[in-house]
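Take a look at the structure set out below.
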Number of protein chains: 2
Amino acid sequence: MATADSIWLRPERAARGPAPGYDRDTLAAAGVTLADAHGLAAVTMRAVADALGAGPASLYRYIATREELVELMVDRAHSEIRHPEPGGDWLEDLLGLAHESRRVTLAHPWLLDATATRTPLGPNTVAYLEGALGALSGLEVPYRAKLEAIAVLSAVVTALTRTEITQARAGRTLPQWQQARAAYLTHVATSGQHPHLAAAFAAQNADDDEPVEHLFDRIVTGVLTGLLHSDAV
Amino acid sequence: MATADSIWLRPERAARGPAPGYDRDTLAAAGVTLADAHGLAAVTMRAVADALGAGPASLYRYIATREELVELMVDRAHSEIRHPEPGGDWLEDLLGLAHESRRVTLAHPWLLDATATRTPLGPNTVAYLEGALGALSGLEVPYRAKLEAIAVLSAVVTALTRTEITQARAGRTLPQWQQARAAYLTHVATSGQHPHLAAAFAAQNADDDEPVEHLFDRIVTGVLTGLLHSDAV
DNA sequence: CTTCAACTGCGATCGATGTTCGCAGTTCTG
DNA sequence: CAGAACTGCGAACATCGATCGCAGTTGAAG
């Protein structure tokens, strides 16, 4: 049954027939729980079915493919993004939205993997987009620039959150491959070539006391003001 | 044989024993050819072995895992990045490097998938980093800000190139899922809710004549100047 | 030159995964 | 009440990454 439609346009329940035992959101919730605990790779069809007490093939009555399950999971996670009412200052509003995005991503690190390649676009993601556009509604700037700014903002927030998660994970478990990478990096830094990198590497471990939120604010603000050349501070 | 070392620190040839029939770069080249033609998913161990005329299990004499093969491929692709000599203006130099990054990514679109989650760090990627730091060497700015700027730049270039590739692909083949997404988007835009999104959607299809390179320059310049608050231009 | 440990290529195979097929049971509709 | 439509799902298939063990080959030590 090749359903070419998007899952968001496909009706959840069939018109006729017995009532389904589960629903999409239940599948998504089970997938989110699994991914939160053991990463996105642990979200296999069989694992989700087991968590639900269902047979491995039952899930295909609700979703057409695993990709769609991930899409449901992403949108469910995005539903946790709070949308505060706009306060008039577009920079502050957008910064608040960026903080929400970061918070949810820290709570569900697998979002980085799920949204790295594809760009799921469910109702809650759409609501996020609408919110961001609403924050910029007072700005006298072409729509294209606003969409660009939002896309760049999203990319930057993702990148920042990714390094934050990576560093936090390295601090706890130091999981082999990170160790191997550090070894290679010090090898590169002390090799004599790459002088700039060596200097940066040495300077990096010196003063690291800036709070993460402050760094986050500084970078996001810089990027946004650079893109929308604001006159406000 | 659990080799915990990075592949870049592991010796390519063994000290004793017969000469290997292939080498790492040959594997990487075969993988790149396959990925260029049919995407990263087509780079399976068996496919690479077939392309080389080798048995499916032979590759594991050169790499420990498929991840390492992808790492080799990424670094080989990054070797195509040209490093022009610095011209004194850091913004121009960094912009040139960004263009090189975009060019190589357009030539090897699978780089987006390969670098989406992981961040391979081979010799050529390190050389790129060194070049970017070198371009900023004249700036009176803490090293941390330079590293941040480079990371953000990389994220932005990736995002821009991804949308560019996606749109180009949609223009040619319009591959089903894009069609489904467009259907959902128009459904959202015409639903009455999401007024800002509807307005943006309507305005987007109006005037689209800005050349891609110009848009690229504009955004990258905006982001960089916003981050490093340049006084130039 | 001999010897042998070390390495190479690789066929066979394992476990896991996403997905399909067909069937029995269930439920809503006309 | 009868049949159509749908559900749950056991079994199976193709494909994937990875492992194991063996025969053949090489290079260095004595």
Side-chain angles (χ1 to χ4, degrees), chain A residues 1-4 7 10-24 26-28 30-31 34-35 38-73 110 113-114 117-118 176-177, chain B residues 1-4 7 10-24 26-28 30-31 34-35 38-73 110 113-114 117-118 176-177:
Chain A
M1 210 72 65
T3 53
I7 191 173
R10 225 183 305 145
E12 168 141 23
R13 279 215 48 181
R16 284 190 284 274
Y22 317 94
D23 55 41
R24 287 180 189 167
T26 306
L27 302 208
L34 255 72
H38 307 106
L40 189 61
V43 182
T44 67
M45 295 288 133
R46 286 167 175 84
V48 172
D50 278 2
L52 258 51
S58 304
L59 305 187
Y60 289 94
R61 294 287 173 194
Y62 303 88
I63 52 179
T65 173
R66 195 191 103 109
E67 282 289 300
E68 288 193 350
L69 173 61
V70 175
E71 210 162 335
L72 290 180
M73 289 168 56
W110 49 268
D113 304 321
T117 301
R118 47 192 164 256
Q176 303 288 356
W177 75 267
Chain B
M1 209 74 66
T3 51
I7 192 175
R10 225 183 306 145
E12 169 141 21
R13 279 214 49 181
R16 285 192 283 276
Y22 317 94
D23 57 44
R24 288 179 186 167
T26 306
L27 302 208
L34 254 73
H38 307 104
L40 190 61
V43 182
T44 68
M45 295 287 133
R46 288 168 174 84
V48 173
D50 278 2
L52 259 51
S58 303
L59 305 187
Y60 289 95
R61 295 286 172 194
Y62 303 88
I63 51 179
T65 174
R66 195 191 103 110
E67 283 288 299
E68 287 193 350
L69 174 61
V70 176
E71 208 162 337
L72 291 180
M73 288 168 56
W110 49 268
D113 304 320
T117 302
R118 48 190 163 258
Q176 303 287 358
W177 75 268

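Proteins get letters first, then strands, A, B, ... in listed order; numbering begins at 1 in each.
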Do the non-hydrogen side-chain atoms of A/Glu71 and A/Ile63 ever get within less than 4.5 Å of each other?
no
In whole angstrom, what separates B/Tyr62's OH from D/dA18's C1'?
18 Å
If you take all heavy atoms of B/Tyr60 and B/Thr65, which pair is closest and at what distance?
CE2-CA, 4.4 Å
Measure from CD1 on B/Ile63 to P on D/dA18 and round the result to the nearest Å.
8 Å
Length of the line joining A/Asp23:CG and D/dC6:P, which is rounded to integer Å
18 Å
5'-most contact on DNA chain D: B/Glu67 or B/Arg61, nearest heavy atom basis?
B/Glu67
Under-3.5 Å N/O pairs linking protein and nucleotides 13-16 of chain C:
none

Any side-chain N or O of A/Tyr60 under 4.0 Å from OP1/OP2 of C/dG18?
no
So for B/Arg66 and D/dG17, does any side-chain atom that can act as donor or acceptor lie under 3.5 Å from a complementary atom in the base?
no
How do A/Ala41 and B/Tyr22 order along DNA chain C: which one's closest nucleotide is nearer the 5' end?
B/Tyr22
Rounded distance in Å - NE2 (A/His38) to P (C/dT17):
13 Å
Just the rounded figure in Å: distance from P of C/dC10 to CG of B/Leu27.
12 Å
Mind checking whether A/Leu59 and A/Arg66 have side chains closer than 4.5 Å, heavy atoms only?
no
Looking only at atom types and distance, does a side-chain atom of B/Tyr62 sit under 3.5 Å from a main-chain N or O of B/Tyr22, one as donor and one as acceptor?
yes
Would you find a donor on one side and an acceptor on the other, under 3.5 Å apart, between the side chain of B/Glu12 and the backbone of B/Asp23?
no
Determine whether a donor-acceptor pair (N or O, by modelled atom type, separation under 3.5 Å) exists between the side chain of B/Arg118 and the backbone of B/Val70.
no
When rounded to whole Å, the CD to P distance for the pair A/Glu68 and C/dG18 reads 14 Å
Rounded to the nearest angstrom, tell me the gap between atom CE in A/Met45 and atom P in D/dC9.
16 Å
Reckon A/Ala49 touches a base, only the sugar-phosphate, or nothing at all at heavy-atom distances under 4.0 Å?
nothing
Heavy-atom pair of closest approach, residues A/Leu34 and A/Ala42:
CD2-O, 3.4 Å
Which whole-number value in Å describes the distance from A/Leu59 CG to D/dG8 P?
10 Å
